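To start, the structure under review is shown below, and the notes come after it.
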4 protein chains.
Amino acid sequence: MSDTNVADFPQNNEQATTDVGGVAGDRLKSFIERVERLEEEKTALMEDIKEVYGEAKSVGFDIKIIRKIIRLRKMDGEKRREEDELLELYKAAIGMHS
Amino acid sequence: MSDTNVADFPQNNEQATTDVGGVAGDRLKSFIERVERLEEEKTALMEDIKEVYGEAKSVGFDIKIIRKIIRLRKMDGEKRREEDELLELYKAAIGMHS
Amino acid sequence: MSDTNVADFPQNNEQATTDVGGVAGDRLKSFIERVERLEEEKTALMEDIKEVYGEAKSVGFDIKIIRKIIRLRKMDGEKRREEDELLELYKAAIGMHS
Amino acid sequence: MSDTNVADFPQNNEQATTDVGGVAGDRLKSFIERVERLEEEKTALMEDIKEVYGEAKSVGFDIKIIRKIIRLRKMDGEKRREEDELLELYKAAIGMHS
DNA sequence: ACCGTGGTTAGCTTTC
DNA sequence: GAAAGCTAACCACGGT
């Protein structure tokens, strides 16, 4: 935390939190840390998602198909074309080559 | 959930969970729903992040600057980790196992 | 080159280059071939890189180490650039235009 | 070149090129620089490719379609499915919605 | 409203 | 064949 603290860049390290160069240091720092905390959580979530996919894969599912299904459900409606692709994937997965 | 349930596609809708076309329907459905739940959380998090940025902006900060600082700080962390890994590699190369 | 010429797909094969279905055939073809040529060069370059690694390996170096060093050096460059950009941003924020 | 020279890390800076810790410094440095040079060229090429796409776009072409054509030509054969997608894209481009 | 940039995801290659 | 790193494609945001 101390060595490469970029956020402190235009800031004095005296006791108080006051402005330097027109930038309210502490306020800024607080925003930065809030974002960083949220991004950490987001990263954790992304890892969780990956794990679920890994689990599904290890049980024999085709991740590509699952992803497509999820995307499809999100779109939900329009894009019938995607459904066609899914159908093709299913057929390929079953070994039913078109 | 009922209208465009693509996941059910190659599946019979009888009572049980059994295989259809080599795909274990219920198992699949469970994976899909877990991912969807996690992605919802992720979306919420992304909204939170946006809010923080918005708040910062409304108080006069430049979002671009904040983003760059955060990226820089992330790079610091990554760089340090890479350096540690490199050191490990060197040690291993010399035969100095940790 | 002649057998599966997909690019010609929506095109008439008459003498001239004119539009078919709203797509200017010759123009399109030219772009495609330029990209393909560049990608060939890129592929060659990637092979060269591989060769260098192979050579290094054959002389006893640990490729993993070399890769990591290169990545680290690249990060250094990127970080410096980012820092410069941040400085510019700060200056702009203060109204100190370079 | 002088400040963060990671490659020099476990190396003495005396006059000669000799081994330190079992690693032949100069030799290593040479490999690293060769790779870096090649990667620079590769990056330049990637930029050129982007430019071509940009040019095509500025003249009204749909980059997505061009990419798909190029991919298709590279695959050349197998993957009739891709061709179907291309057909759909064409139809959409022309405004002929399926 | 468009463009450019940056961040996310997906596919591929390569390594263990 | 599983895991990771790399590359490429995609998408969304912010700025102009």
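Being a predicted model, the structure only gives us computed values, none of them experimental. Per chain, numbering begins at 1; letters A, B, ... match sequence-line order.
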Tell me which of A:Y53 and C:I63 sits closer to the 5' end of DNA chain E, going by the nucleotide each one is nearest to. A:Y53
Stepwise, does the salt bridge (charged side-chain N to carboxylate O under 4.0 Å, His left out) test hold for C:E41 with C:R37? CA-CA 6 Å; C:E41 291 180 47; C:R37 215 156 309 134; over 6 Å; no
Please give, in whole Å, the distance from E:dG7 P to B:E78 CD? 11 Å
For residues 49-69 of chain B, pull every pair meeting side-chain hydrogen bond (donor to acceptor under 3.5 Å, both in side chains), keeping only residues two or more places apart or in separate chains. A:R34-B:E55, B:K68-C:E82, B:K68-C:E85
Separation of E:dT5 atom C1' from B:I65 atom CD1, nearest Å, is 17 Å
So which protein N/O to nucleotides 1-7 of chain F N/O distances come out below 3.5 Å?
unit_1	atom_1	unit_2	atom_2	d
F:dC6	OP1	C:R71	NE	3.4
F:dT7	OP1	D:K42	NZ	2.9

Measure from the side-chain N and O atoms of C:T43 to the backbone N and O of C:E39, and report whether any donor-acceptor pair falls under 3.5 Å. yes
Relative to the 5' end of DNA chain F, which residue comes earlier, B:D62 or D:K64, by the nucleotide with the nearest heavy atom? D:K64
Distance in angstrom units between A:I49 CD1 and E:dT8 P, rounded: 12 Å
Can you tell whether the side chains of C:K74 and C:E78 come within less than 4.0 Å, N to carboxylate O? no
Using salt bridge (charged side-chain N to carboxylate O under 4.0 Å, His left out), reason through C:K91 and C:E88 one step at a time and then give a plain yes or no. CA-CA 5 Å; C:K91 291 201 286 191; C:E88 290 306 310; 3.6 Å; yes
Take atom CD of D:E47 and atom P of E:dT5, then tell me their distance rounded to the nearest Å. 11 Å
Between C:I65 and D:L28, is any pair of side-chain heavy atoms under 4.5 Å apart? no
